[in-house]
Engineer: 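Quick one: the structure is below, questions incoming.
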Number of protein chains: 2
Amino acid sequence: MREYRHPQITEVQLESVLYALSDPIRLSIVRQLAREGEATCAALENGRPKSSMSHHFRVLREAGIIKTRNDGTSRINELRDDELAEVFPGLLPAILAVRSKNNVAEWTS
Amino acid sequence: MREYRHPQITEVQLESVLYALSDPIRLSIVRQLAREGEATCAALENGRPKSSMSHHFRVLREAGIIKTRNDGTSRINELRDDELAEVFPGLLPAILAVRSKNNVAEWTS
DNA sequence: GCTATTGTTCGAATAATATCGAACTATCGA
DNA sequence: TCGATAGTTCGATATTATTCGAACAATAGC
């Protein structure tokens, strides 16, 4: 499977980052990645359809928030937190510091 | 004209704040308010139709980002930055610290 | 090569947003 | 009371997102 295109961190736009993170599912992905370091797509889809999740991963990737690499048949995702800190210092930490009130996995069922 | 309903700051949702700020026009409104303290709607619409701007002010207001009060025929807007700092510490400063590359007023004409 | 696993892409339906003119409301001042 | 001023609301249109099944692609293991 071909490699993904990740934007240069200097090309990343604040608006796109904010938009990508304004979705509860994507936000929960990012929170989980912040906790666990890196994770496959499968580990992050909480019973949701793969195609939906694939869409969300793409939005996060194109916004410059995550980096995806191939590992066999899996894709491994990780936050680009260090890079994001260069261009938007304090932004991701401020967002991650907010405790999530509603668990996404909860309103899946 | 009747008063606006502003959400309690504790009811404000991170997702809504991020969404509201993911729009370039709304972001430019917030930046301008951060510079100038408070401003009327007219002072913030850069030649755009009033009805469009009214929509954006509403989104910002309902997200808990601005507060609007009446003053004669004008509405005066201000950031709820102190309150936002209570629930999302560091978030607004991190966003406002990002220098805007494209001036919104620029691509108006 | 066959099969299972993991994810992507496509396509179509649905939903949400943005945009802006037109009509309307409220207030101020003469 | 009559503009003039400042915004809001309505309604219609256009654009963009979300969702998810179905088909597809790539890899690992046997």
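Below, chains carry the letters A, B, ... as their sequence lines are ordered, and counting in each starts from 1.
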Engineer: Give the residues of residues 52-60 of chain A touching DNA chain D, defined as any heavy atom closer than 4.0 Å, sorted by residue number.
Structural biologist: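 Contacts with DNA chain D under 4.0 Å: S52(A), H55(A), H56(A).
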Engineer: Within the pair Y4(A) and dT8(C), is there a side-chain N or O less than 4.0 Å away from OP1 or OP2?
Structural biologist: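 Yes.
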Engineer: Does NZ or CZ of R61(B) lie under 6.0 Å from the centre of the six-membered ring of Y4(B), at an angle within 45° of the ring axis?
Structural biologist: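 Flagged: R61(B) positioned over aromatic ring of Y4(B).
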Engineer: With a 3.5 Å cut-off and heavy atoms only, can you find an N or O donor on one side and an acceptor on the other between the side chain of S51(B) and the base of dG21(C)?
Structural biologist: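 A donor-acceptor contact between them is present.
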Engineer: What's the CZ-C1' distance between R69(B) and dG7(D), to the nearest Å?
Structural biologist: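 Atom-to-atom, R69(B) to dG7(D), this comes out as 16 Å.
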Engineer: How would you label the contact of R61(A) with the nucleic acid (heavy atoms, under 4.0 Å): base, sugar-phosphate, or nothing?
Structural biologist: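 If one applies the 4.0 Å heavy-atom cut-off, R61(A) turns out to touch the sugar-phosphate alone, with no base involved.
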Engineer: Take the protein atom CZ of R48(B) and the nucleotide atom C1' of dG7(D), then report the distance between them rounded to whole Å.
Structural biologist: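 Value for this atom pair: 17 Å.
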Engineer: Could you tell me whether S74(B) contacts a base, only the sugar-phosphate backbone, or nothing, with contacts defined as non-hydrogen atoms closer than 4.0 Å?
Structural biologist: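 The residue S74(B) makes sugar-phosphate contact but no base contact.
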Engineer: Name the closest nucleotide to the R26(B) side chain, picking from dA18(C), dA26(C), dT18(D).
Structural biologist: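 Among the listed nucleotides, the one closest to the side chain of R26(B) is dA18(C).
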Engineer: Provide, to the nearest angstrom, the distance between the CG atom belonging to D71(B) and the C1' atom belonging to dT8(D).
Structural biologist: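 Checked: the CG to C1' distance equals 17 Å.
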Engineer: With a 4.0 Å cutoff (strictly under), does any side-chain N or O of Y19(A) reach OP1 or OP2 of dT17(C)?
Structural biologist: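 No, Y19(A) has no side-chain N/O under 4.0 Å of OP1/OP2 on dT17(C).
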Engineer: Nearest whole Å is fine: how far is dC28(C) P from R75(B) CZ?
Structural biologist: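 Answer to the nearest Å: 10 Å.
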Engineer: In whole angstroms, how far is the C1' atom of dC24(D) from the NZ atom of K50(A)?
Structural biologist: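 One finds 14 Å between C1' of dC24(D) and NZ of K50(A), rounded.
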Engineer: Picking from I65(B), L44(B), L60(B), I29(B), what satisfies side-chain contact (heavy atoms from CB on, under 4.5 Å) with N77(B)?
Structural biologist: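 Output: one option passes, namely L44(B).
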Engineer: Of the candidate nucleotides dG7(D), dC28(C), dT5(C), which contains the atom at the shortest distance from the side chain of T73(A)?
Structural biologist: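 Of the options given, the side chain of T73(A) lies nearest dT5(C).
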Engineer: Within this structure, what is the CG-to-C1' distance between N70(A) and dT6(C), rounded to whole angstrom?
Structural biologist: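 Nearest whole value for this atom pair: 11 Å.
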Engineer: Which nucleotide in the list dG7(C), dT18(D), dG21(D) gets nearest to the side chain of P49(A)?
Structural biologist: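 So the side chain of P49(A) is nearest to dG21(D).
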Engineer: If you link ILVMFWY side chains whenever their heavy atoms are less than 4.5 Å apart, which other residues fall into the same cluster as Y19(A)? By chain and number, please.
Structural biologist: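 Via sub-4.5 Å side-chain contacts, Y19(A) links to Y19(B).
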Engineer: Residues in side-chain hydrogen bond (donor to acceptor under 3.5 Å, both in side chains) with S22(A), at least two apart?
Structural biologist: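 So S22(A) forms no side-chain hydrogen bond (donor to acceptor under 3.5 Å, both in side chains) with any residue.
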